[in-house]
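Worksheet for the structure shown next.
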Protein chains: 2
Amino acid sequence: MNLSPAARAVFVELLVHGPLSRAEVARRLELSPSVLTKLTRPLLAEGFLVEEPGPAGVPGRPSVPLRVEPARRAYAGVKLTDSELFAVRTDLGGAVTAEVRLPLEGHEVGRVVGRIAEAVALLPGDEPPAAVGVSLAGPVSRADALVRHSPFLGWREVPLAGLVTAATGLPAVLENDVRALTAAVHWFGAAAGRGTFALVTIGEGLGCGIVVDDRLLVGTAGVSGQIGHLAIDDRGPICERGHRGCARAYLASPSIRRTARAALDRPSLTFEQALDLARRGDPVARRIFDEAGLALGRIVATIANLIGPEVVVLSGEAVHMHEVCEAAFEAALGEHTHWTSEPVEVRVQPFAFTEWARGAAVVALRHDLGVA
Amino acid sequence: MNLSPAARAVFVELLVHGPLSRAEVARRLELSPSVLTKLTRPLLAEGFLVEEPGPAGVPGRPSVPLRVEPARRAYAGVKLTDSELFAVRTDLGGAVTAEVRLPLEGHEVGRVVGRIAEAVALLPGDEPPAAVGVSLAGPVSRADALVRHSPFLGWREVPLAGLVTAATGLPAVLENDVRALTAAVHWFGAAAGRGTFALVTIGEGLGCGIVVDDRLLVGTAGVSGQIGHLAIDDRGPICERGHRGCARAYLASPSIRRTARAALDRPSLTFEQALDLARRGDPVARRIFDEAGLALGRIVATIANLIGPEVVVLSGEAVHMHEVCEAAFEAALGEHTHWTSEPVEVRVQPFAFTEWARGAAVVALRHDLGVA
DNA sequence: GAAGTTTGTTCACCTCATGAATCTTTCTCC
DNA sequence: GGAGAAAGATTCATGAGGTGAACAAACTTC
C-alpha cells in the first residue's frame, strides 16, 4: 500500500480503534490537526477511508468520524496442519468473507505449495487478495521467510514464503501460527485496542503470544511464550517429554483425552465426549477438567505476574472447555496472582476452525500496510 | 540536557555501546553520515564527546572514534530503606565517584526528605549533580512522581520527587528500586548493549526487571516482574503470606535464615553464617542452598521460556550465594528450559552495597538525557 | 440572533534528514 | 614511490513532513 509512516499510523489507528474524527486521531497520535487533513485526503480519495455521520447534540462544529472501508482490499490466509489446509479470505477489517478447506496429500514441499496456490485461487472474491499469509506450528523465521523446522510436516529450513509468491504471483508472508493468531486478536479480536496483553491458546498444544506496547514479543532466536512445559505440580500426570505435572500434561487436549481414557477405562473416548461427561457431572471427568482449570489459572497468573498485561485472552480449539472448568480456573488465578495486585482481566475468544487461517490473513494485512 | 531526538539517540548509542566512529553510529541508527557531522559537532564543542585515536592498519580514511566524556556531568542517586539511606554520585558513564550512608531517624516524610537533601549535599564533587534519582521498594508511579505505597516507611501517595526538588533545588526523579537497578544493568552493567534481557534480584525479597527491545517493561498499573510468590513446590517451606513452597520461601535471605535456624537449631544464625556452613560442606546448609538454587533455576527458566531474553542477569544483596548453589541452579535451569531451546545465558552481576543507589543515579541520568 | 465552542482547512514557515559531490587520509598494488 | 582504491568525514542544495497561526464552518447555548 506504500504509506508514509505518519499515514500508516493514522490508518492503523482508524482500523483498530474504529471510527474516529480527524481531531481525535490527531490527539491520540500527538499530531497537529492540520496534518490530518493532508494525510486523510488521499486515503479518502482512493476509497480506503469514508466519512460517517457524526454525533449530534454537542457544542462546536460537528466532528466527521472517519472509518476504514473494509471491502476496499482483501487478503488470504492459509494455515497448514499435518493433514489439511485451511484458507480464508478476509477484508481490511479482518472479517472472514470466504473459506476453503483442502486435504494435503503428502508433505512434499512442492505438493503443499501447489495446494496452497490452489486454495488461494479457490477463494471466491472480486479481486485477487493483496497478499497471502501462511502460518503453521513450530519455529518460523519471519524475516527470512523461512520455516525453520516443522515437526509434523518433516520440514527443515524451507523458504516457504518465496515458494508461495512464485506459485501465486502474490506477496507472501510467513508466520508462526500462535503469533499470527496473536496479531488477529490484537487488532480485531478480544484484545482489540489493548497495548499490552497475552494470548493463551489451548488445543493440541499450548501456545502463548505476548504483545507489549503494541509490539509482538519475538524473543531471542524467535522463541517466546513457551508455556507448554511450565511445571505445575511435581506429582501430576506425565507429558510426552517425561515431565511430571507440566502444563501440557494437564491441559493439552490429547493429554486430557489420554487421562480420561485411562481413568474411565474407555479406550476410545474422545476429548469432546470427556468434556460432555464433565458437563453432566461425571465425577472423574469433572476432576480432570477441574485440574486442567487449576493448571490454566496458574499459567495465566504466572504470565500476569511477570508481564503485567491489561488482559489475558484465551483461545484455541479447546477453549470451550473453559466454561466447564471456570470455577477451578478462577480459584487458581486468584490464588497465584501476586497479593498486591488484582487478578488480571481474562477474556475468552470463541474459537472457530477458521481462526488460525484468519490469523495468517491478518499477518498478510499487516505486511501489506507495512507494519513490522 | 535538551537534546533533539536524533542527537539523543546518537549520544545514548555512544554512551552505552562505547567509542564508535561517526560512520559506525550512522550505520547502527540508520542515519546518513552527513547528519552525524552536524549532530556531533555541538556535543564535541560542549565537551560531552571527545575524539579518540582510531584503529590503524585498515584501508580508507581512518575512523575517529567518539567517546562520551564521563566527567562532563554528574548525577546523584539515593536509595531508601527502612533504617538508612544510601547516596552515590556518579558520572555520565554510571561510575560511582562518591558515596554517603546516613541513618534515617523516623519515617516522617519531611525528615526523610531533609535527610535526602543532606546526603546529596554531602556528596563531594566540583559541580552540583544535574539531577537526583530516588529509589525505594514498592509501587511507585514514575509519571506522577508519586510513592504509591511504601510498606516499610508506612507511606501512601507521597509526592516524593516534588519534595526532593523543593529541598535540593535539583530536578528529581522517582523510581522503583528494582526498575532503577534494571536501568543501570541495561546501560552500564552485565546487560550493557543487550536489547532484551531480564534482571533477577535476590536479597530481602525477590525482584525482577524486564527489558524488551531496549524498553523497560512497566506493566498495567506499574506492576510487572512479580516473581516473589511464583509457586515452586506445593510441599516446600511456607512464606509470610502462607504459600507453601513459593519462590520467596526458598530464596529470600530472611526465609533461608529462618529455615537454617530451624533446621540447625541455632536461633541466632545469620544468613552469611548459613552460607558459610554450606560452603564448608555442612549437609543441612548445603541442602537449603541447593533447594534455593533449584528454585532460582526454575524461576530463570520460566522467565526465559516466556520472554526469550538474550541474557538473564542475577544481582541483589544475596547474589553471592549463587556460587554455592550453582550446580543445583544449572540443573534446574536446564531441566525447566523448554526442550526446543538452549538454556538462556546467565550472568552474575556482583553486588556492592551502593548498587541500588547507583541504579537511582542512572534513572536520574536517563531523565536528564530525556530517555523515557 | 449573538456568543461561544469545537472541527476542519489553508498556508507560510521551519526543522531535520537526505543524497550527491567533494575532500581527507590511509592502505595496497604495481 | 606513485597511482589508485577505500573508507570516513564534510559541505550544501534539496525536499519531505511537520507546526502554528489564522480562518472558515457548523453546531449549541443563552
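All values derive from a computational prediction rather than experimental measurement. Here is the naming used below: chain letters follow the sequence lines, and residue numbers restart at 1 for every chain.
- Here the closest heavy-atom approach between residue Glu46(B) and residue Arg72(B) is recorded as O-NE, 2.7 Å.
- Distance, Leu20(A) CG to dG8(C) C1': 16 Å, rounded to whole Å.
- Remark: the Thr40(B) side chain and the Arg22(B) side chain contain an N/O donor-acceptor pair separated by less than 3.5 Å.
- For the side chain to side chain contact (heavy atoms under 4.5 Å, CB included) test with Val313(B), the passing option among Thr182(B), Val185(B), Leu181(B) is Val185(B); the others fail.
- By the 4.0 Å N-to-carboxylate-O rule, Glu345(B) lies close enough to Arg194(B) to be salt-bridged with it.
- One finds no side-chain N or O of Arg27(A) lying less than 4.0 angstrom from the OP1 or OP2 phosphate oxygen of dG8(C).
- Here the P atom of nucleotide dT7(C) and the CD atom of Glu52(A) are 17 Å apart, to the nearest Å.
- Around atom CD of Glu157(A), more than 12 heavy atoms belonging to other residues, nucleotides or ligands sit under 6.0 Å away.
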The contact string for nucleotides 9-22 of chain C, one letter per nucleotide 5' to 3', using protein heavy atoms under 4.0 Å with B, S and - for base, sugar-phosphate only and none, comes out as BB------BBB---

